[in-house]
Every structure is written in structure tokens, then in C-alpha cells.
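Read through the structure below, which is laid out as C-alpha cells, and then see the notes.
Each chain gets a letter, A, B and so on, in the order the sequences are listed, and its residues count up from 1.
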Amino acid sequence: MLDELEQHHVDLSDSRQGRTESVDLGNGNDLRVEISDALSEKERVKFTIRTVTSLVPRFARPEFSVIRTHEEFAWLADRLAENVEYAGCVIPPVPPTPDFSSSREKLARLGEGESSMSKEEYDKMKSELEAEYLATFKKTVAMHEVFLRRIAEHPKLREDDIFKVFLEFDKDKDEFFEAQKRFITVFYGHLRSALSEADRMNRHYKATADTYIRVSACASACTKFERDDGLAEFLSSFAEFCERYRKLEGRTASDSDLKLADTLHYYVSDCNSAKDLLYRRARALADFESANKELEKARAKGKAVQKAEADQEAAFNTFNTISEAARAELISFKQRWVAYLHKNLTELAELQIKHSRGQVQLLTQTLERLRQG
Amino acid sequence: MEKSSDNSEDDIFAETNETVDVEDVDLNSSGAGVSTPAATAAPAPAAEKLEPSAPPAVASAPPAAASAPPAAASAPAAPPASNSSSGGPSKLELPASLAFEYLLTVRVTNPEKIGDGMGAYVAYKVSFSTTIPAFGRPEGSVRRRFSDFLGLYEKLHEKYLRDGFVIPPKPEKSVVGATKIKMSKDSVDEDHFVERRRAQLERFLVRCSDHPVLRMDPDFREFLEHDGDLPKSSGTRALSGAGVMRVFSSIGSSVQRMTYKMDETDQWFEDKNQEVHQLEEHLRRLHSSIEALVNHRREYGCMAEQFAGSANMISSVEENTNLSFAFTKLAETEERVGRLQIEQADSDYYGLAELLHDHLAMLESVRASLYERVRAYKTWKDAEMALTKKREEKVRNELGGKADKAAACEAATRELEGQVERGQEAFDKISATVRSELERYDLRRGYELKTAIVASLEHQLRQQQCVLEAWEAYLPEAKRILAA
């Protein structure tokens, strides 16, 4: 029974009529904050905080959401309380920790006593406890929301940078790119080793094929002074075999080079380009962040604000464009490579099969000939 | 197999096809007869022309040497199977003159390290199977160590070289190798060394058993038959004083060889000397090219295995399931191919390279035999010269009136005449022996070489079929990359 409550997605729609519609932003409503969703996981509650705002230069977008845990609320409260600048403000108190322990205990006890009561009793108790749990949950959501609202409505506190970060900073989106960067770096490393080994492998293969020329020449040379005609002919056939075999082995080696090594080579280069893309995005992000800082400085001094605003907007647009494009690019990069590898590995296998067949055939025929002679 | 739309590939295929067609034409023109002349010349008694012991000499290659022949004499008159994709190798016809009435098969197996530390050595199992009446029993086996083999070689060398017989080359005694066993370190190198030695020892015995005179030698028989240890032969240890002396004496004799110029009247021998020289040069080159081939192939195999490791790493980080799987399978395939290549390299090393190395050593024996003939010639001619001088001396004495001295000369002259006569007889005899030995050796060399090359190609065929299978298994995996 406890499992049902472990991951409880609370339906807040009944108390949130109309909130998902676009909000009319009047003068005082330039920064609206609400908790649009909540998810109760085993040990914590995750709140989805949705912000609608017209203060666009300050905030990157007019509408956005983040997911926060209670600990992060507590952190925000602490930061505000510590700040001497707000010494004269009434700082909203940190909301209480979500505590479902009593509900859980009761549920546990109910579970233990399940066998000792009738089904009806059991069901009744269960739904009572569930209602209790739900009520506790809604209460904690409301308290967290009020906390945020009070900060958003406070003329001084709402300007706080930490509050801004709390509302805005989305680790997940960056996580995507972080993960991509990690993956590509590791992947790139393995690709490079594979490439260098494939190259060496093919070089030795080619050398093997070429050595057959020497063998052929030596065998031919032996025939010239060989008294025994049978042996001379044998060696001559063998020399011919070596010539032909060398061609086949040579082709196999170069096809392996073409389909395998070259493909890996190209893959490595492409990965490099993907890495470059990630770096460019990271730079754009850095540029945007410094433009932000410049804007705040300009506002503080009251000088060249317009230019700073324009710069910041431009930097944001650049970053946003790259970021969105990058995400799409990286996904299509992968798709492209899946298709390309499919083509080349298939062709590699086909060519190897073809050449192997040729070699088998040549060997078979040569053996027949040599045995007869 | 899907038809590739790539034009160049089609051309390549066309070219391969062309090659194949030409082959077909050649085969047809070289006569369709499958049975070989040797089949008719086969000596009557039970199909003995098969595999007395030659194949073991050649096919003493260890791993995957499926050409290891059964000792059973049940091989049918071996027309080469036209469907040669079957695993069993068909034997080449042994030239009639190399075949024997009685069978003697010899094998060297089971190297086993005995003891520890400085006194350690390796004992080999030597087994034989025979129909030769002189042997006490039809089969048996004994344990022998390397110094026993050397002892046998020394005895045979001492007994038969003088008469012009070509003694099979003695097994190598590379001191480095021996020390390695005694110190017992890196086992991979040791295994390789032990296998090389085992194969050499086997080839040595096989060649003795294939020699009409040596196989009947009582020391040889004792070596094979005598249960229990053989008396330790002196002077076989590498660092012994006697060994060092022998090295000096052999240097001396080769100097002598170079300085004495024989007046060759026999054209056959004139040609032969030239031939031996050429043969050595060509064999050396062939040997070195085969070694290069083997080394490159082995490197290729090792690299393929390494690549497989990297491909596995790629697979482990690859997020796309199908792709990850395809890389795993690619790794498997390349690893398999790598292993097959290494096996082939090893097989060619033991089967071809080592054989050619043997024959280069054999040519030394051939030279030694030729030299014995030259020595016999010298002895004869020296006796002749001495006779002439003695006759002159006698005449001088007679003219000088020294009757008793003249009489002494007369006696000496009789003596010397006998020597000259015997010298000439000896020379003629050794000439005949050497000639027949060399002719025999030529046939033998040809047979061994052919058998080795055929065995190598057969092995390659098997390996290549496995390579083919590996890639055929991989193809569907590659195709599956784009499957849902």
C-alpha cells in the first residue's frame, strides 16, 4: 500500500482553475509565480514552479518553468535572511518541511493490521488515510507557493539575484548539453584508438599481400634451374597462384581500409565538429552572462542603458539560437551516423564476403591443379 | 548478396571472374587425367606408396594441422579429390623411388619438462610403427632427450658420411633456447621454442627412417627401440671442450675444401656443384620471403585482435542499441579473423619456413658428401703420385746400382699399386653413392616442398572458409543497424 503513495502525482487542477491559460499582465502583475505541479517521490517532493513575467531583459524569457525540491526553497530563504541589505525587510519565513511521516506510519500500521479487520473496515480506513495524505500534500504545496508569491510581490526582494536564479536556472537543459559533451569526449577517445588500430591492421594486411610478390618471384626463380620438370611446373603454378592471390588479398585490404578505416576517420572528424559546436554554444552562453552583468552595471550607473539592453538582447538571441539549433543538430548528427555506419558496415561485410569467396575459389582451383601435377 | 550499385565494385568483381575463367581454361588444357603417373609405378606390396613418413616431416606443424596422417596404411591410390573443399587433405604421390617395401613411421610428441633448476631438461616421446623384420616389435615408444638425438646424429655422421651419404641435418642446439628452458621464464616463448625443437627432432628422425641405409642402422634401431635411457654420449653438450674442438676442425675442413681443386671429369658432378650453389641462393631467398610473409600476417592478426578491443569499447559507450550491438559483432568478427590469421601464420611458419630452413641445412650435408668424394679423389690421386714417385725412385736406385734399395722400392711399389687400385675403387664407389644420394635428395626435396606447399594452401583454404563464414555471419548484424 505504501508504494501507491511513494510516487504520488497530485492533481492540483481542482484548485487551479484557469491557471494554465495565458495570464493578463496588468501593471502589478509583471511577475507571477505559481506552483503548477507537484510530484511526491519516495523521499522528497518536487515542485514545478512556473513563472510568467514581462520583465524580459532581466529574465531570459517571458514564460518558463523549473523543478525545485524543498531543500532549494530552504536555501533561498537562508540566502535572503543572511543578506544584510534586507535587514529592514520582513522576509517570508521558510515553508515547513513536507512531512508525511505520520500518514506513512498510519498506513503502515493499517497494512499490518490488514488481516485482523474486515474488508469494508479496511477499505474505509484506507480511503480515510489517503484523503488525509492528500490534504497534507496540498497544504505543503500551498505554503511553498505563498512563500514565493510574497517574495515576488516584495519590491526589494523580487530584484534579488538569487531569487532570479531560483526561478530560472534550469539544470536539465544544460544537463542535456553536459551529457552530450561527456559522451562525445569519451566516444571520441575510443573512436581514435579504433581508427589507429584499424589503420595499423590494414597496413599489415597490405604488407602481407605485397609479400606474395616476393614469394612469387622466388618461386619463379627456382623453376629456372630445376631439373625436375614436374617440380618446375609445380613451382611455376605456385608462383602464379601467389600473384593472383596477392591481388585478392590486396583488394580485401584496401576495401577494409575504405569501408572501415576511412569511415572511422570521417566519424572522428565529425565528432570533432560536434565538439566544436558544443564549445561555441558554451561561449555564447558565457557571452550572454557577461552581457547580463554589463546591463545591470549600466542600470546601476544609469549610463548607456539602452546599448547595454540591446547588447544583452542580442547575446541572448545568439545563445538561444545556437542552443536550439545545437540540440537539433546533435540529434540529427546521431541519426546521420547511424545511417552512414549502416551503409558502410554493410558494404564492408559484403566486400569481405565477395573477396573471401574469390580467395576460396582460387585456393580450391590451385590445389586441384597442384595435386594433379 | 545485394548487388552493389557502386561501379568500381562491379569492375573488381568482373576482374576476379576473369581471373577465374582463365584458370578454368588452363585446367582443361593441362590434361583431364586425374590419376598420376606415380600410381602406375607404385611398388606392388600393400599400398605403401602412401605416406611412409614424409607427411609427418612436413606436417609436423602443431595447431590445426589437420594433415596429421594416420599411421594406418589404408590410403587409397590417391587421386586428388576434385571436390577439394572437403577437410581431408589428399596426399601427393610419393615418387616411386622414394618408397620402400617395408614401412617405418616415426613420431616425436609430448615434450615434458623433467626436473628443476640447472639439471632440468625436456624429454620427448619417440614412437614408431614398422613392418621391418629387423625390428624386435611392430611398434613401441621410448623417451629421449635432446642430447640423445645429438648422440645419434654423431654416430650416424661418423659412420656414413665417409661413404658419401647425405646425413639429415642435425637438430639445432641454439644455446639461448636451452638456457631458457633451464631458467624456465616466459612460458609463451618457451612453448614456441619447445615446439620448434620437437618438430625439428621429428623431421630428423623421419628423414633417417626414409633413408634406405640409415633406417637399417643398428644404432638408429636402438634409439627407437631400447627401453630405458641410452648411455650418455660424450661431447654432445654445447659448451663441452670436445664440442669446441669440433667447431675448430670443421672450420679447418671448410678451408681445405676451398683450397683443393679437383680435376673434374664427370660432367654430372660439374653441373651439380653449380646447381647446389644456385639452389642454396634461391632457397635462402624463398625462405626469407616466406618468413616475411609469416611475420606480416601474424602482425595483421594481432592488430585485428587489438582493433576488436577498441570496437568493444565503442560498443560499450554507444547509446544506440542497434549500433552498439553491431560494433560488438564487428569486434567479434575481427577478433575471429585475427585469430585465423595468426593460426595460419603459425602453420606456415612451422610447415614452410622451418622446412626451407631444414633444406638449407640439408644442403650443407650435400656439400659435405660432395666433399667426401673430393677427398676420396685426393686420396686416390695422392696415392697415384706417390706410386709414380716410388717407381721413379726404384728406377733411380736400379740405375744407381743400389739393388737392395731397389728391392725395397719394389715392395713399396706393390703396396702403392694396391693403394691406387683401392683408391680408385673407393672413388668410383663413393661417386656412385653420392650421385644416387643426391638424386634421391633432389626427389625428396621436391616431394617435401610440394607436400608442404599443398598443405599450406589447404590450411589456408580452411582458414579462408572460416573467414568467409565469419563475415557472412556479420552481414545481417550490420544490416540490422537500421531495424526498428
Side-chain angles (χ1 to χ4, degrees), chain A residues 183 186-187 190-191 193-194 197-198 200-201 204-205 207-208 211-212 214-215 217-219 221-222 225 227-228 230-231 234 238 241 244 247-248 251 334 337-339 341-342 345-354 356-373, chain B residues 1-2 4 9 12-13 16 19-20 23 26-27 30 34 36 80 82 84-85 90 92 275 278 282 285-286 289-290 292-293 296-297 299-300 303-304 306-307 310-311 313-314 317 319-320 323 326 330 442 446 449-450 453-454 457-458 460-461 464-465 467-468 471-472 474-475 478-479 481-482:
Chain A
F183 169 76
V186 170
F187 197 65
H190 292 314
L191 273 186
S193 321
E197 270 145 20
R200 267 146 75 199
M201 172 178 91
H204 282 293
Y205 196 6
T208 309
T211 313
Y212 272 103
R214 263 178 82 183
V215 175
C218 290
C222 285
F225 62 86
R227 283 193 197 184
D228 175 358
L231 183 58
F234 183 95
F238 178 62
F241 159 79
R244 292 211 178 112
K247 287 203 186 100
L248 290 177
R251 269 181 219 141
K334 207 53 215 226
W337 269 99
V338 170
L341 281 168
H342 169 261
L345 290 179
T346 306
E347 283 171 6
L348 171 71
E350 284 171 351
L351 286 169
Q352 296 280 23
I353 289 172
K354 180 166 92 178
S356 282
R357 284 205 184 124
Q359 284 172 320
V360 165
Q361 199 165 24
L362 179 58
L363 282 163
T364 308
Q365 288 178 332
T366 306
L367 277 168
E368 260 183 52
R369 192 159 149 190
L370 292 180
R371 285 192 192 122
Q372 279 177 9
Chain B
M1 188 165 89
E2 294 165 17
S4 168
E9 281 170 30
I12 290 171
F13 195 69
T16 311
T19 306
V20 163
E23 279 278 11
D26 278 351
L27 279 177
S30 69
V34 157
T36 67
S82 51
S84 50
S85 60
S90 51
L92 292 183
E275 229 177 82
Q278 271 185 315
H282 290 285
R285 283 205 209 119
L286 186 60
S289 71
I290 297 278
L293 182 65
H296 280 304
R297 196 179 283 288
E299 277 300 311
Y300 164 46
M303 279 298 115
Q306 278 203 312
F307 171 76
S310 294
M313 291 301 287
I314 292 179
V317 297
E319 296 166 331
N320 179 314
L323 209 47
L330 180 66
D442 274 345
L449 202 58
K450 284 200 234 177
I453 289 177
V454 166
L457 293 186
E458 280 169 353
Q460 219 162 319
L461 177 60
Q464 204 55 46
Q465 278 165 335
V467 167
L468 176 59
W471 284 108
E472 280 176 340
Y474 180 68
L475 183 58
K479 286 188 174 158
I481 291 176
L482 281 185

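A side-chain donor-acceptor contact under 3.5 Å links A:His342 to the backbone of B:Lys479.
Between the CD1 atom of B:Ile481 and the OG1 atom of A:Thr346 there is a distance of 6.0 Å, given to the nearest 0.5 Å. Taking OG1 of A:Thr364 as the reference point, atom CD of B:Gln465 lies at 6.5 Å (rounded to 0.5 Å). Atoms OH and NE2, from A:Tyr212 and B:His296 in turn, are 12.0 Å apart once rounded to the nearest 0.5 Å. Interatomic distance, CZ of A:Arg371 versus CG of B:Leu457, reported as 9.0 Å (0.5 Å rounding). For the atom pair OH of B:Tyr474 and CG of A:Leu348, the computed distance is 7.0 Å after rounding to the nearest 0.5 Å. Expressed to the nearest 0.5 Å, how far CG of B:Leu461 lies from CD of A:Gln361 amounts to 11.5 Å.
The shortest side-chain heavy-atom distance between A:Trp337 and B:Leu323 does not fall under the 4.5 Å cut-off. Annotation: side chain of A:Leu370 is not in contact with side chain of B:Lys450 (no heavy-atom distance under 4.5 Å). The shortest distance between side-chain heavy atoms of A:Phe234 and B:Leu449 does not fall below 4.5 Å.
Of all the heavy atoms in A:Ala349 and B:Trp471, the pair that sits closest is CA-CE3, 3.9 Å. The minimum heavy-atom distance linking A:His190 with B:Met313 is given by the pair CE1-CE, 3.0 Å. Heavy atoms only, all atoms of each residue included: B:Phe307 and A:Met201 are closest at CB-SD, 4.4 Å. The two residues B:Gln464 and A:Ser356 make their nearest non-hydrogen contact at NE2-OG, 3.3 Å.
Heavy-atom distances place both the backbone and the side chain of A:Tyr205 under 4.5 Å from chain B. Of the two parts of B:Ile314, the backbone and the side chain both hold a non-hydrogen atom closer than 4.5 Å to a non-hydrogen atom of chain A. A:Val186 touches chain B through its side chain: at least one heavy atom from C-beta onward sits under 4.5 Å away, while N, CA, C and O do not.
Counting heavy-atom pairs closer than 4.5 Å to chain A, the top-ranked of the candidates B:Ala311, B:Ala326, B:Ala304 is B:Ala304. Options B:Leu293, B:Leu286, B:Val467, B:Ile290 differ in how many heavy-atom pairs under 4.5 Å they form with chain A, and the most are formed by B:Leu293. The candidate with the highest count of non-hydrogen atom pairs below 4.5 Å against chain B, out of A:Gln359, A:Arg200, A:Gln352, is A:Gln352. Chosen from A:Thr208, A:Leu191, A:Thr211, the residue pairing most often with chain B at heavy-atom distances under 4.5 Å is A:Thr208. Of the listed residues A:Ala219, A:Cys222, A:Ala217, A:Ala221, the one with more heavy-atom pairs under 4.5 angstrom with chain B than any other is A:Ala221.
Scanning for salt bridge (charged side-chain N to carboxylate O under 4.0 Å, His left out) contacts around B:Arg285 gives B:Glu281, with sequence neighbours left out.
Looking at B:Glu275 and A:Arg227, a side-chain N of the basic residue comes within less than 4.0 Å of a carboxylate O on the acidic one, giving a salt bridge.
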